[in-house]
Amino acid sequence: MNLNIGVIKGDGIGPEIVTEAMKVLDKVAEVYGHTCKYTQLLMGGASIDVHGVPLTDETVAAAKACDAVLMGSIGGDAGTSPWYRLEPSKRPEAGLLKIRKELNLFANLRPAVLYDELKGACPLKEEITEGGFDMVIMRELTGGLYFGERSTGEINGVLTARDSLTYNENEIRRIAKRGFDIAAKRRKKVTSVDKANVLDTSRLWRNVVEEVAAGYPEVTLEHMLVDNCAMQLVKDPKQFDVILTENMFGDILSDEASMVTGSIGMLASASLNETKFGLYEPSGGSAPDIAGKGIANPIATILSMAMMLRYSFDLDKEADAVEAAVAKVLEKGCRTIDIMSEGKTQIGTEEMGNLIAESI
Ligand code: IPM
Ligand code: MG
């Protein structure tokens, strides 16, 4: 198979971790008889430095022409980087929002899994995590507060800022269906998270989700208020299978969910539209503090690449091989610094990539 892949290395640790994921992918291609064509795409700070904007229309067009895009991370240190002296619409993050919107990547899948081998890194008490947990957050990604009208100006002489939160029933329906589809293939439970005791958008969300649920009698639906969900994630994470939620709540809850696994450097993510196209990126950020040091954990990017093989190319066997290779290297006791614990062997970014590639 010919895999036509766009590559956004991005900023911070992005280039280092994407390089390792490409190394592993090249090995997969060699072993399973595929060919990869890579198109390098500039986004975020890397694009600002060259074009003055975080994402050009040409890059969007080039991304659209690919079957899938593999991404590292974008953004820098907001306190020191010159990118953050630009107006908000020209900063690195605006590139990410633009590509999500332009490619209609409305379904953001963020798994949060407690790996047996990494239990020691989990900050929760053992009695809470006994038996592990395995949930996926299905976050709506192209609507809500992120894309509503916003403005800052004076009202009656008082400086006032406004962001608006809008959802229509179609936007809710399509993400809800995705959530139920995934749940039907997992443990068959959807927890829909909203703030229906306050927000109109949440009340509509609840109604539409219930309507969609009627089409999936085998899947159990429960509703949970977002504040309670934040609490339940640390109190009893095992209760969750699929968390279905809107953009802003999903942003916050997915960071929390990844933190309770103790290993954000391990967590992959996929942003999908109605077609097979997807943008695949690690859940963690660009970590400018450790960029260029060769110590970043490339596993989340490698596992995102595995998701790409599975969702965009239907190459399940190859995706399984990547996941098994990651598990094997962890079993051997090799760790990057972020998941290091006593008695294990600490290695760097490149060595981790090499070991995983060799295990394919
Ligand atoms: C994420 C990030 C982005 C978001 C930022 C960088 C705009 O936090 O992917 O979760 O808020 O969606
Ligand atoms: Mg976030």
Side-chain angles (χ1 to χ4, degrees), residues 8-14 17-18 41-48 53-55 60 63 69-79 81 83-84 86-112 135-148 150 163-167 171 175 193 226 229-230 233 243-261 263-273 278-289 291 296 300-301 303-304 307-308:
I8 300 174
K9 290 192 171 177
D11 311 318
I13 59 170
I17 55 183
V18 171
L41 305 168
L42 286 183
M43 194 169 95
S47 173
I48 297 174
V53 289
L55 181 68
V60 171
V69 172
L70 181 65
M71 186 188 139
S73 50
I74 54 125
D77 184 301
S81 165
W83 301 329
Y84 294 89
L86 299 166
E87 61 169 280
S89 68
K90 296 226 166 77
R91 291 178 194 164
E93 289 72 12
L96 185 57
L97 299 187
K98 177 170 169 175
I99 201 166
R100 287 174 180 170
K101 195 69 175 178
E102 295 265 344
L103 300 179
N104 198 24
L105 304 171
F106 66 88
N108 182 216
L109 225 72
R110 297 188 167 183
M135 68 183 100
V136 46
I137 299 190
M138 176 61 87
R139 169 188 175 193
E140 201 289 325
L141 203 59
T142 53
L145 273 173
Y146 277 62
F147 295 96
R150 67 181 99 256
D163 296 285
S164 45
L165 169 51
T166 306
Y167 269 107
E171 290 172 306
I175 188 74
V193 175
V226 62
C229 183
L233 275 171
I243 293 180
L244 169 67
T245 194
E246 63 97 62
N247 203 347
M248 183 79 178
F249 298 159
D251 178 46
I252 298 167
L253 295 176
S254 62
D255 265 27
E256 187 188 0
S258 63
M259 185 58 220
V260 300
T261 70
S263 47
I264 189 163
M266 296 285 302
L267 301 177
S269 91
S271 304
L272 309 169
N273 61 21
L279 174 79
Y280 300 86
E281 59 173 312
S283 282
S286 60
D289 51 325
T301 319
L303 292 174
S304 301
M307 284 182 101
M308 175 178 83

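Sequential numbering from 1 along the given sequence is applied to the chain's residues. In listed order, ligands and their atoms are each counted from 1.
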Any donor-acceptor pair under 3.5 Å linking the side chain of [X] with the backbone of [Y]?
X      : Y      : value
Arg139 : Thr245 : no
Arg150 : Leu145 : yes
Asn108 : Ala270 : yes
Ser47  : Val53  : yes

Residue portion contacting ligand 1 (non-hydrogen atoms closer than 4.0 Å) for [X]:
X      : value
Met248 : neither
Arg139 : side chain
Glu281 : neither

N/O/S atom of Asp255 under 2.8 Å from the Mg ion (ligand 2), yes or no?
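Coordinating: no.
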
Asp251, N/O/S atom nearest the Mg ion (ligand 2)
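For Asp251, the N/O/S atom sitting closest to the Mg ion (ligand 2) is OD1.
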
Which atoms of ligand 1 have any heavy atom of Glu93 under 4.0 Å away?
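Within the 4.0 Å cut-off of Glu93, ligand 1 contributes 6 (C), 7 (C).
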
Using a strict cut-off of 4.0 Å, indicate which atoms of ligand 1 neighbour a heavy atom of Arg100.
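Reading through ligand 1 atom by atom, the close ones are 1 (C), 4 (C), 9 (O), 12 (O).
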
In the structure I gave you, are the side-chain heavy atoms of Ile99 and Ile8 within less than 4.5 Å of one another anywhere?
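Sidechains of Ile8 and Ile99: in contact.
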
Close side-chain approach of Val226 to Ile252, heavy-atom, < 4.5 Å
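Counting from C-beta outward, Val226 and Ile252 never come under 4.5 Å.
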
Check whether any heavy atom of Arg110 sits under 4.0 Å from an atom of ligand 1.
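Contact check Arg110 vs ligand 1: positive.
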
Please report which non-hydrogen protein atom sits nearest to atom 11 (O) of ligand 1, along with the residue it belongs to and the distance in Å to one decimal place.
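Of every protein heavy atom, Tyr146 OH, 2.5 Å lies nearest to atom 11 (O) of ligand 1.
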
